[in-house]
Asks: 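Mind having a look at this structure? Questions to follow.
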Amino acid sequence: DAGVIQSPRHEVTEMGQEVTLRCKPISGHDYLFWYRQTMMRGLELLIYFNNNVPIDDSGMPEDRFSAKMPNASFSTLKIQPSEPRDSAVYFCASSSDLTLGPQHFGDGTRLSIL
Amino acid sequence: AQKITQTQPGMFVQEKEAVTLDCTYDTSDPSYGLFWYKQPSSGEMIFLIYQGSYDQQNATEGRYSLNFQKARKSANLVISASQLGDSAMYFCAMREIPEIQGAQKLVFGQGTRLTINP
């Protein structure tokens, strides 16, 4: 079975540029999550969706961050304009609402803002 | 307040020994789930094991078992017969099941870096 697919795996860009991270959840999963991982703050939940609808975006750091889920098989996390402090690993995860089962993570996008 | 506490930033264990990674949690919800994830140096997050708050028995998955002590609010991960490939960061996480239907927020601890020595 295909897992959560994230792209790109690595992104290096200059400060001020727009960055778009992409995620394809596991087919049939109704929940999609975006996390950020840094050494200082560990794993933080940024936002999550249920049936393509954003449920909780309280973890989104500021207005420069936005996330969309136009359909059940695709989501984007956008940073505009990017800043060096946005450098981190960004994970997408998905889960089913049928059980108390786990969230399955993608391999992450390692983002470096110069 | 910290919801998930992992008190061991790093652990070193000899190959083939058993290892216990500590995790304590804080919640007032009667219904919750506890998870352990492994993050090897390659960076991906791998789900290992799950324990529900109402489960009567400790969860087991192969060499992994979860020592769930509800009264003490602890959910320690036990790895039996450790292998070199077990070297990784290990994260404990909790999902509370609040009254709001569908809310599935997962809160992670800071992790324990496990190193298995040959």
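Just so it is clear, the structure is predicted and the values come from calculations on it, not from any experiment. A note on names: the letters A, B, ... follow the listed sequences, proteins ahead of strands, and every chain is numbered from 1.
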Asks: Name all residues meeting the side-chain hydrogen bond (donor to acceptor under 3.5 Å, both in side chains) criterion together with Ser58(A); count only those two or more places apart in sequence or in a different chain, and write none if there are none.
Replies: Asp56(A)

Asks: Looking at chain B, which one of Gln37(A), Arg41(A), Glu44(A) has the largest number of heavy-atom pairs inside 4.5 Å, strictly under?
Replies: Gln37(A)

Asks: Under a 4.5 Å side-chain heavy-atom rule over Ile, Leu, Val, Met, Phe, Trp and Tyr, are Val78(B) and Tyr90(B) clustered together?
Replies: no

Asks: Under a single-linkage definition using a 4.5 Å side-chain heavy-atom cutoff for Ile, Leu, Val, Met, Phe, Trp and Tyr, are Trp34(A) and Phe35(B) assigned to the same hydrophobic cluster?
Replies: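 Looking at the clustering, Phe35(B) is in a separate group from Trp34(A).
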
Asks: Side-chain contact, heavy-atom cut-off 4.5 Å: Pro102(A) with Tyr50(B)?
Replies: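 A side-chain contact under 4.5 Å is absent here.
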
Asks: With Phe68(B), which residues qualify under ring pair (Phe, Tyr, Trp, His ring centres under 6.0 Å), at least two apart?
Replies: none

Asks: In this structure, would Ile26(A) and Met69(A) fall into the same cluster of hydrophobic residues linked by side-chain contacts under 4.5 Å?
Replies: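 No, no single cluster joins them.
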
Asks: For the pair Tyr37(B) and Leu43(A), evaluate side chain to side chain contact (heavy atoms under 4.5 Å, CB included) and give the outcome as yes or no after the intermediate values.
Replies: CA-CA 12 Å; Tyr37(B) 285 84; Leu43(A) 267 160; over 6 Å; no

Asks: Start with the C-alpha distance between Phe108(B) and Tyr35(A), add both sets of side-chain angles, then the distance that settles side chain to side chain contact (heavy atoms under 4.5 Å, CB included), and finish with yes or no.
Replies: CA-CA 11 Å; Phe108(B) 286 83; Tyr35(A) 290 90; 3.7 Å; yes

Asks: Would you say Phe91(A) and Gln39(B) make side-chain contact, with heavy atoms under 4.5 Å?
Replies: yes

Asks: Rounded to the nearest 0.5 Å, how far does CZ of Phe105(A) lie from CG of Leu106(B)?
Replies: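 Going from CG on Leu106(B) over to CZ on Phe105(A), the span is 6.0 Å.
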
Asks: Side chain to side chain contact (heavy atoms under 4.5 Å, CB included) for Asp107(A) and Met45(B)? Distances and angles first, verdict last.
Replies: CA-CA 7 Å; Asp107(A) 288 342; Met45(B) 292 286 287; over 6 Å; no

Asks: Between Ile5(A) and Val89(A), is there a shared hydrophobic cluster once you connect ILVMFWY residues whose side-chain heavy atoms come closer than 4.5 Å?
Replies: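 Different clusters: Ile5(A) never reaches Val89(A) through Ile, Leu, Val, Met, Phe, Trp or Tyr contacts under 4.5 Å.
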
